[in-house]
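Being a predicted model, the structure only gives us computed values, none of them experimental.
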Amino acid sequence: MRTRVRGWRWRRNPLRRRADVVEAWTVLVVAVLLFAVAPLVGVAAGLHAHDRAASLAAAQRAERHQVRAVVIGEPPERQSAVQGDRQRPYRAQVRWTEPGQGVRTAWARVPAGARTGEPVPVWFDSRGRNVAPPPDEAAVWQHAISVGLAAAGGTAAVVVLGHAVERRIALRHRMAEWERAWARTGPRWTQPRT
């Protein structure tokens with residue numbers, strides 16, 4: 001029958017070795033790093049990523065504008081076909097009216113399934129180039145959460161890897177310590193008694 005004694009590495013006793021104390025402190029440090037520092041790193045990285053993504057989205061919203069355009073070009077045959085279970089957006093010629101500038105035409109990426117004569121939302125930048133819509137708040141939060149989780153996971157992985165390396169080094173020191181102790185006591189046990 002085996003009995004576990006909690007905290008034996010922290011108590012003073014003649015069987016406690018230096019390696020046991022180092023291992024106990026290492027486990028405590030690793031636990032604090034995993035359960036306190038790694039989540040804080042994730043939160044900090046996520047908040048920083050949110051701030052940067054929100055400012056980028058605001059800048060893109062200020063630079064880009066949406067128009068309601070009508071598709072005037074025919075969709076290409078090969079791209080209008082369903083690919084798998086979803087359709088892909090394609091480039092088509094669109095026409096819209098801008099106040100003070102009259103009717104304009106351009107090539108733009110339109111949603112999948114848009115047919116000729118159908119109104120579609122299209123985004124343009126200040127130079128008149130067709131661009132993707134600016135990220136919305138959900139996309140900003142999704143980016144922030146992804147960065148935060150990646151940072152917390154990376155920190156936890158580094159801590160666990162460091163702990164594994166430390167355990168390997170501690171095991172090597174423990175074995176060397178046992179060899180030295182056996183070198184001192186071994187001859188007394190192996191000498192023939194007369």
Side-chain angles (χ1 to χ4, degrees), residues 9-10 19 21-69 71 75-76 78-94 96 98 104 106-114 118-173:
R9 289 183 173 116
W10 298 101
V21 175
V22 169
E23 186 176 358
W25 279 104
T26 303
V27 167
L28 180 66
V29 168
V30 165
V32 167
L33 288 174
L34 281 179
F35 297 115
V37 175
L40 289 176
V41 167
V43 167
L47 289 175
H48 179 70
H50 181 271
D51 291 343
R52 290 187 54 109
S55 65
L56 178 66
Q60 286 181 355
R61 276 192 296 274
E63 179 189 72
R64 299 174 182 185
H65 64 282
Q66 181 183 14
V67 297
R68 202 78 181 140
V71 178
R78 61 183 166 78
Q79 288 187 358
S80 64
V82 177
Q83 297 176 355
D85 285 342
R86 35 183 299 219
Q87 295 180 353
R88 296 186 175 216
Y90 62 94
R91 291 186 58 81
Q93 198 168 15
V94 295
W96 72 98
E98 256 186 57
R104 297 190 58 192
W107 285 90
R109 184 171 292 279
V110 297
E118 187 176 335
V120 292
V122 181
W123 287 85
F124 291 99
D125 64 5
S126 58
R127 296 181 188 166
R129 295 180 302 191
N130 178 235
V131 292
D136 59 353
E137 191 64 25
V140 169
W141 276 108
Q142 181 181 13
H143 172 72
I145 289 171
S146 298
V147 169
L149 287 174
T155 303
V158 167
V159 168
V160 168
L161 182 66
H163 181 60
V165 168
E166 184 278 330
R167 292 281 304 232
R168 193 167 182 90
I169 292 170
L171 180 63
R172 190 176 305 136
H173 284 289

### Message
I'd like to know whether NE2 of H65 has more than 12 heavy-atom contacts from other residues, nucleotides or ligands below 6.0 angstrom.
### Response
yes

### Query
Would you say R64 and P133 make side-chain contact, with heavy atoms under 4.5 Å?
no

#### Entry: Rounded distance (nearest 0.5 Å) linking atom CD of E23 with atom CG of L171
9.5 Å

#### Entry: Partners meeting side chain to side chain donor-acceptor pair (under 3.5 Å) with D125 (sequence neighbours left out)
R129

### Message
Exactly one of L33, T26, V32 should register a side chain to side chain contact (heavy atoms under 4.5 Å, CB included) with V29. Which one does?
### Response
L33

### Query
Under the ring pair (Phe, Tyr, Trp, His ring centres under 6.0 Å) rule, what pairs show up with a residue in residues 122-159, not counting sequence neighbours?
H50-W141, W96-F124

### Message
Using 0.5 Å steps for rounding, measure from the CG atom of L161 to the CD atom of E166.
### Response
12.0 Å

### Task
Side-chain contact test, heavy atoms from C-beta onward, threshold under 4.5 Å: evaluate it for N130 versus V94 and give yes or no.
no

### Query
Just wondering, do H163 and V27 contact through their side chains at under 4.5 Å, heavy atoms?
yes

### Pairing residues for R109 by the side chain to side chain donor-acceptor pair (under 3.5 Å) criterion, not counting sequence neighbours
none

### Message
On a heavy-atom basis, which atom in L34 and which in A38 lie closest, and how many Å separate them?
### Response
O-CB, 3.7 Å

### Query
More than 12 heavy atoms of other residues, nucleotides or ligands under 6.0 Å from CD of E118: is that the case?
yes

## Note on the structure
Closest non-hydrogen atoms of A144 and A49, given as atom of the first, atom of the second and distance, are CA-CB, 4.2 Å

### Query
Which heavy atom of A57 sits nearest a heavy atom of P135, and at what distance?
CB-O, 3.7 Å

### Summary
One should read off an interatomic distance between L56 CG and Q60 CD, to the nearest 0.5 angstrom, of 4.5 Å

### Query
Do the side chain of Y90 and the main chain of A114 share a donor and acceptor less than 3.5 angstrom apart?
yes

